[in-house]
Protein chains: 2
Amino acid sequence: MALKHSRQRDAVYNFLKDRKDHPTADTIYAGVRDEYPNISLGTVYRNLMVLRDTGKIRTVDVGDGVIHFDADTSEHNHFICTRCGRVEDLEMESIDRVKEIAATNFAGKITGYSAYFYGICESCLTEQKEETDRLNREQTTG
Amino acid sequence: MALKHSRQRDAVYNFLKDRKDHPTADTIYAGVRDEYPNISLGTVYRNLMVLRDTGKIRTVDVGDGVIHFDADTSEHNHFICTRCGRVEDLEMESIDRVKEIAATNFAGKITGYSAYFYGICESCLTEQKEETDRLNREQTTG
DNA sequence: TTTAATATCGATAACCGTTACTGTTATTAT
DNA sequence: ATAATAACAGTAACGGTTATCGATATTAAA
C-alpha cells in the first residue's frame, strides 16, 4: 500500500501547517472546503490519520472528547483554558527533566510523555478583570 | 436536587475504590452486575458522573478514546503501556516542581495539570525479553 | 502515450461510547 | 402512612469517528 500523492491530502496538511491553534477535524473540514468544496469529512479524517501515521502531524487529546490536530511534531506541551477551551502551545524549559523525574522508582521503560496544563488563558484573565471592574463601578455608582 | 442515597451508586463506588487499575465504564458495569444483575449501563454512567462531580472519583483520559475511572483523587500521574494498554499510577516526587517550571514564561494562570507517560510496562518488558530469548534459542538450535 | 494496477475519492452507512428520555420504583422527609 | 422526588431499568438518540463502496485520479509499466 504505497502512498500516492493526493491534492486533498496536501490541502489538509497545508491548512494545518501554518496554524498555532489546534483545530478539530470539523474545523479542518470547513477550512479545506474553501479550496475543495466537494471534499468529504471522511476524506479529511482518512488523511489526518495518514498524516499522523507518517509522522507529519500529531494528534492532541485534551480531554474534551474530540481529537485536536497539530502540525508541530516537536516535543512540547499544551495549555487548555478551562474558560474558553482554547488550546495553546506551552514552551517549557527542561522538558527532559520531567521524564527523568518520572523514571525514578519506575520499573518499566518510559519512552515519551504528554502533559496538559489547565487554567485561565491570558485573554480570559483580561476579560475577567474587565468584568470585575465593570461590576465594581456599577456597585459604587449605583 | 439534593442527592438521595442509592445502593447502585454505592456498588459502583465500592467496585472502584479498591482497584488500582483504571477501569472503563464497561468493566465497572460488568463488575457491578455480579451484585446487581439488573443494573443498566446508563445507571453506571450516571453514577460515575455524579461521583466525579462530587469529588469522590476522578476521570482519567489516557487518549484511547474511552474514559477511565480512578477512585484515587490525590494528585498523581499515570503511565500507559503502549503494548498492553495497561494504566498504572506513577508516583512522582517533586510533582509541584513541574507546575513551577511550566508557569515560567506563561502569561495565563495555571491551576492544574495532568501528565501521561507512555512506554512499556514491567510485565511487558519481561514478556518481550522471554520472546527474544526464545527466538534466539530457536535460531541457534535450528 | 496508451494501458493496467491500485490508492484515493465522495458519499454515506455503520459503529460505539456516551447521554438523554420515559414511565416506574425506592428513598427521604413530613 | 403519605407525599415529594431522586434514582432506577430500559432503551432510543446523539455525535465523533471509522468502514464500505463504486467511481476517479495517480503512478508505473508497456
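Computed from a prediction, not measured in an experiment: that's the story for all the values here.
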Within this structure, what is the [atom1]-to-[atom2] distance between [X] and [N], rounded to whole angstrom?
| X | N | atom1 | atom2 | result |
| --- | --- | --- | --- | --- |
| Asn38(A) | dA25(D) | CG | P | 12 Å |
| Lys4(A) | dA4(C) | NZ | C1' | 10 Å |
| Asn47(B) | dT27(C) | CG | P | 13 Å |
| Arg9(A) | dT27(D) | CZ | P | 10 Å |
| Arg46(A) | dG10(C) | CZ | P | 8 Å |
| Asp61(A) | dT17(D) | CG | C1' | 13 Å |
| Asp10(B) | dT27(C) | CG | P | 10 Å |

How would you label the contact of [X] with the nucleic acid (heavy atoms, under 4.0 Å): base, sugar-phosphate, or nothing?
| X | value |
| --- | --- |
| Asp26(A) | nothing |
| Leu41(B) | base |
| Ser6(B) | sugar-phosphate |

Open item on the list: Would you call the rings of Tyr113(A) and Phe117(B) parallel, tilted or perpendicular, taking 30° and 60° as the class edges?
Closed with: parallel
TODO: Measure up the Tyr116(A) and His78(A) rings against each other and bin them: parallel (under 30°), tilted (30 to 60°), perpendicular (over 60°).
DONE: parallel
Open item on the list: Taking the six-membered ring of Tyr29(B) as reference, does the cationic atom of Arg33(B) (NZ for Lys, CZ for Arg) lie under 6.0 Å from its centre and within 45° of its axis?
Closed with: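 Yes, cation above the ring, under 6.0 Å and within 45°.
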Open item on the list: I want to know whether Phe106(B) and Phe79(A) have ring centres closer than 6.0 Å.
Closed with: yes
Task: Presence of Arg7(A) side-chain N/O under 4.0 Å of dC9(C) phosphate oxygens OP1/OP2 - done: no
Open item on the list: Checking contacts here: which listed nucleotide (dT8(C), dT17(D), dA7(D)) is nearest the side-chain heavy atoms of Leu3(A)?
Closed with: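 The nucleotide sitting nearest to the side chain is dT8(C).
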TODO: For Gln8(A) and for Thr43(B), locate the closest nucleotide of DNA chain C by heavy-atom distance; then report the residue assigned to the nucleotide nearer the 5' terminus.
DONE: Gln8(A)
Open item on the list: Between His5(B) and Thr24(B), which residue's closest nucleotide on DNA chain C lies nearer the 5′ terminus?
Closed with: Thr24(B)
